[in-house]
Number of protein chains: 2
Amino acid sequence: MEFLPLLRELASSYQAFEKFSAPHVKSMNLTSPQFDVIASLANQPAMTCKELGEKTLITKGTLTGIIDRLVIKEIVERISNADDGRSQKIQLTAKGQEIFAHAFPRHMQHLALAFNQLSAAEMLNLSSALKKLRVAMEQHTAL
Amino acid sequence: MEFLPLLRELASSYQAFEKFSAPHVKSMNLTSPQFDVIASLANQPAMTCKELGEKTLITKGTLTGIIDRLVIKEIVERISNADDGRSQKIQLTAKGQEIFAHAFPRHMQHLALAFNQLSAAEMLNLSSALKKLRVAMEQHTAL
DNA sequence: CTATATTAGTTCTAGTTAGAACTAAATAGG
DNA sequence: CCTATTTAGTTCTAACTAGAACTAATATAG
C-alpha cells in the first residue's frame with residue numbers, strides 16, 4: 001500500500017483542477033462538459049456523437065443530455081447524416097462559434113495562470129509519469 | 001498553450017482511474033464515494049460530517065445524500081453530539097466494519113495491480129509533480 | 001445579557017455520470 | 001436476398017455533484 005499517498009495526491013490534484021477550472025467556466029454561463037464539447041467542435045467539420053464522445057471522454061448516454069441542453073441554448077445543432085441513417089452530425093451554430101471565440105481564449109488564459117508555473121520540462125515529466133500510470137491502469141480495465 | 005497536452009493527460013489519466021477503480025468497487029455493491037466514506041470512517045473514532053467531508057473531498061450537500069444511503073444500508077449510523085447540538089457524529093455499524101474488512105483489502109489488491117507497476121521513485125516523482133501543479137491551481141482558486 | 005455573526009447540516013435545483021435496456025439502421029454471412 | 005449481428009443514438013434508472021438557500025444552534029461583540 002505504498003501507493004496510497006500517490007492515490008491521494010491524484011484525487012486531490014484532480015479535485016483542485018475542478019475547483020480551479022469549473023467556476024471560471026461557470027462565470028461564462030457554461031458547464032465544464034459544455035465547454036469541452038464546444039472546444040471539441042470548434043474549427044472542425046461537423047462530427048458524430050461517437051467521435052465527440054471519444055474526444056471529450058463523455059459516454060454516449062451522458063452526451064445526449066449535454067447536447068440536448070446545448071441545442072436549447074442554440075449553441076450546437078444536430079444535422080442528419082445522408083450517409084448513415086443511424087447517426088447525425090453535430091456542429092456549432094454561428095452563435096456557438098461566437099461563444100467559443102469569446103470563452104476559449106479567456107479560459108486558456110485562466111488555466112495558464114496555474115499551468116505556466118511549471119517549466120516545459122516539468123510539464124513533460126508530469127505528462128509522461130501520468131501516462132505510465134494510465135497505461136498500467138488501462139491494462140487492467142475491461143474494454 | 002504549451003500546457004494543453006498535460007491538461008489532456010491529466011483528464012485522461014483520471015478518467016482511466018475511474019474506469020479501473022469504480023467497476024471493481026461496484027462489484028462489491030458499493031459506489032466509489034460510499035467506499036471512500038467507509039474507508040475514512042474505519043478504525044477511527046466517530047467523526048462529524050465536516051471532518052468526513054474534508055477527508056473525502058466531498059462537499060457537504062453531497063455528503064448528506066451519501067450518508068443517507070449508507071444509513072439505509074445499515075453501514076453507518078448518525079449519533080447526536082452532546083457537545084454541539086448542530087453537529088452529529090458518524091460511525092460505522094458492526095455491519096459496516098465487516099464490509100470494510102471484506103472490501104478494503106480486496107480493493108487495495110486491485111489497485112496494486114496498476115500502481116505497483118511504478119517504482120517507489122516513480123511514485124514519488126509523480127506525487128511531487130502533481131503536488132506542484134495542485135499548489136499552483138490552489139493559489140488561483142477562491143477559498 | 002443580548003443582538004449579530006458564524007457554523008453544521010439539510011434541502012433544493014440543475015446538471016452530470018455510467019451503465020443497461022431499447023430502437024432503428026446498416027453490415028455481414030450464408 | 002435475407003437473416004443475424006453490429007452500430008448509433010436515445011431513454012431510463014440510480015447515484016453523485018456543486019452551490020445556494022435554509023434552519024437550528026453556537027459563539028462573539030458590545
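Chain letters run A, B, ... following the sequence lines, proteins first and then strands; every chain starts at 1. The analysis underlying the following values was restricted to heavy atoms, covering all of them including side chains, and did not include hydrogens, waters or symmetry mates.
Between B:Glu18 atom CD and D:dC16 atom C1' the separation is 11 Å, expressed in whole Å. The interatomic distance linking A:Gln15 (CD) with D:dG19 (C1') rounds to 14 Å, in whole Å. In this entry the distance linking NZ of B:Lys26 with P of C:dA18 reads 11 Å, nearest Å. For B:Leu70 and D:dA15, the CG to P distance is 11 Å, given to the nearest whole Å. Taking atom CD1 on B:Ile75 and atom P on D:dA15, their separation rounds to 12 Å, with Å as the unit. Distance B:Leu30 CG to D:dA14 C1': 15 Å, rounded to the nearest Å. As rounded to whole Å, 13 Å separates atom P of D:dA25 from atom CG of B:Asn81.
In this structure, the side chains of B:Thr31 and B:Val25 stay at 4.5 Å or more apart for every pair of heavy atoms.
Residue A:Ile75 holds its CD1 atom at 5.5 Å from CG of A:Leu30, rounded to the nearest 0.5 Å.
Under the 30°/60° scheme for interplanar angles, the aromatic rings of A:His24 and A:His110 are found to lie parallel. Ring pair B:Phe17/B:Tyr14 is tilted by interplanar angle, where 30° to 60° counts as tilted. Ring orientation note: the planes of A:Phe104 and A:Phe35 are close to parallel, at an angle under 30° on the 30°/60° scale.
A donor-acceptor contact under 3.5 angstrom links the side chains of B:Asn81 and B:Ser87, judged on distance only. No donor-acceptor contact under 3.5 angstrom links the side chains of B:Ser12 and B:Gln15, judged on distance only.
Residue B:Thr48 forms a side chain to side chain contact (heavy atoms under 4.5 Å, CB included) with just one option from B:Arg86, B:Lys89, B:Gln88, and that option is B:Lys89.
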Counting primed atoms plus P, OP1 and OP2 as sugar-phosphate and everything else as base, spell out the protein contacts along nucleotides 6-16 of chain C at 4.0 Å heavy-atom distance: B, S or - for each nucleotide, 5' to 3'. -BSBBB---SS

Listing time: all N or O pairs from protein to nucleotides 1-4 of chain C that are below 3.5 Å?
none

